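Each remark here refers to the structure printed beneath this line.
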Amino acid sequence: MKDYKIINFEVYADNRGKLCSLSNNKEIPFEIKRIYYTWDMPHDAIRGGHAHKKLDEVMVCLSGSCDFVLDDGKEKVTVTLDKPNKGLYIKANLWRDFRNFSKDCVVVLIASELYDTEDYIRDYNEYLNLINNNE
Ligand code: TYD
């Protein structure tokens with residue numbers, strides 16, 4: 001499956017702890033317009049459940065772990081995020097949800113666009129029609 005990539009961020013570690021630094025068009029492969037984050041997810045919750053028309057995103061699990069399920073209409077790939085230096089880059093037009101949250105899970109999502117409800121595809125059949133017509 002194309003349209004996603006794991007990015008391993010450089011870790012600056014010393015006896016005071018660890019640090020990662022994320023910059024526009026460098027570790028994050030686009031210009032950052034928005035950052036949002038989620039926490040306190042019940043283990044059995046499912047977030048996401050949509051695709052985007054234009055927005056690219058990098059997700060990082062800063063604490064705990066969760067699974068991202070990616071679906072391009074042909075196959076599904078599950079990516080586990082379980083460390084703060086592992087990013088998941090998802091381009092627009094890829095259906096995703098995230099689930100299987102550990103108790104201490106905190107996810108930060110770094111986006112290439114401002115929040116725009118018009119950019120969402122929330123209906124899975126509409127998503128399938130869209131990608132099949134674009135091929
Ligand atoms: P939702 O899209 O359901 O989140 P997720 O993709 O993680 O399942 O968003 C939950 C609520 O938060 C919804 O009322 C819209 C609001 N929201 C914003 O106002 N700004 C944002 O940047 C985001 C991502 C959500």
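Bear in mind the structure is a predicted one, so any value in this text is a computation, not a measurement. The analysis underlying the following values was restricted to heavy atoms, covering all of them including side chains, and did not include hydrogens, waters or symmetry mates.
Atoms CG and NZ, on N8 and K83 in that order, are 6.0 Å from each other to the nearest 0.5 Å. Residue N93 holds its CG atom at 6.5 Å from CG of L130, rounded to the nearest 0.5 Å. Rounding to the nearest 0.5 Å gives a distance of 10.0 Å between SG of C66 and CG of D97. Taking OH from Y12 and CG from N85, the interatomic distance works out to 12.0 Å, rounded to the nearest 0.5 Å.
Pairs passing the side-chain hydrogen bond (donor to acceptor under 3.5 Å, both in side chains) check and including a residue from residues 72-81, sequence neighbours excluded, read D67-T80, K74-E135. The side-chain hydrogen bond (donor to acceptor under 3.5 Å, both in side chains) contacts involving residues 49-60 comprise Y36-E57, H50-H52, H52-D119, E57-R96, where partners must be two or more places apart or lie in separate chains. Sequence neighbours left out, not one pair with a member in residues 40-52 passes salt bridge (charged side-chain N to carboxylate O under 4.0 Å, His left out).
Within 6.0 Å of the NZ atom in K86, the count of heavy atoms belonging to other residues, nucleotides or ligands exceeds 12.
Residues I32 and S23 share a closest heavy-atom pair of CD1-C, 4.4 Å. A pairwise comparison of heavy atoms in C20 and P84 identifies SG-O, 4.4 Å as the closest pair. Across every non-hydrogen atom of K33 and L114, the tightest pair is O-CD2, 3.5 Å. The minimum heavy-atom distance linking N100 with H43 is given by the pair OD1-CE1, 2.9 Å. Contact between E126 and D123 at its shortest, heavy atoms only, is N-OD1, 2.9 Å. Nearest heavy atom pair, residue V77 against residue M1, reads CG2-CE, 3.7 Å.
Considering only heavy atoms from C-beta on, L55 comes within 4.5 Å of R34 through its side chain. Side-chain contact between V107 and V60: absent, with no pair of heavy atoms (C-beta onward) separated by less than 4.5 Å.
Linking ILVMFWY side-chain heavy atoms closer than 4.5 Å, directly or via other members, places L128 and I121 in a single hydrophobic cluster. Note on I35: it clusters hydrophobically with W39, by side-chain heavy-atom contacts below 4.5 Å among ILVMFWY residues. Residues Y4 and V108 are members of separate hydrophobic clusters, defined by side-chain heavy-atom contacts under 4.5 angstrom among Ile, Leu, Val, Met, Phe, Trp and Tyr. Taken together through direct or relayed side-chain contacts under 4.5 Å among Ile, Leu, Val, Met, Phe, Trp and Tyr, L109 and F101 form part of one hydrophobic cluster. A continuous path of ILVMFWY side-chain contacts below 4.5 Å connects L88 to M41, so both sit in one hydrophobic cluster.
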**Item:** Stepwise side chain to side chain contact (heavy atoms under 4.5 Å, CB included) check, V58 with F9
**Value:** CA-CA 12 Å; V58 173; F9 305 123; 4.1 Å; yes
**Prompt:** Are D71 and Y127 close enough, and set up right, to give a side-chain hydrogen bond (donor to acceptor under 3.5 Å, both in side chains), and what steps lead you there?
**Reply:** CA-CA 10 Å; D71 179 347; Y127 170 68; 5.6 Å; no
**Message:** Assess the residue pair Y37 and L62 against the criterion (side chain to side chain contact (heavy atoms under 4.5 Å, CB included)); give the C-alpha distance rounded to whole Å, side-chain angles, the decisive distance to 0.1 Å, and a yes or no.
**Reply:** CA-CA 10 Å; Y37 42 95; L62 293 180; over 6 Å; no
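No donor-acceptor pair closer than 3.5 Å links the side chain of S65 to the backbone N or O of S102. For the pair S63 (side chain) and V106 (backbone), a donor-acceptor distance under 3.5 Å is absent.
Paired with E27 under the rule side chain to side chain contact (heavy atoms under 4.5 Å, CB included), one option of I7, I110, L22 passes, and it is L22.
Using cut-offs of 30° and 60° for the angle between ring planes, the Y124 and W95 rings count as perpendicular.
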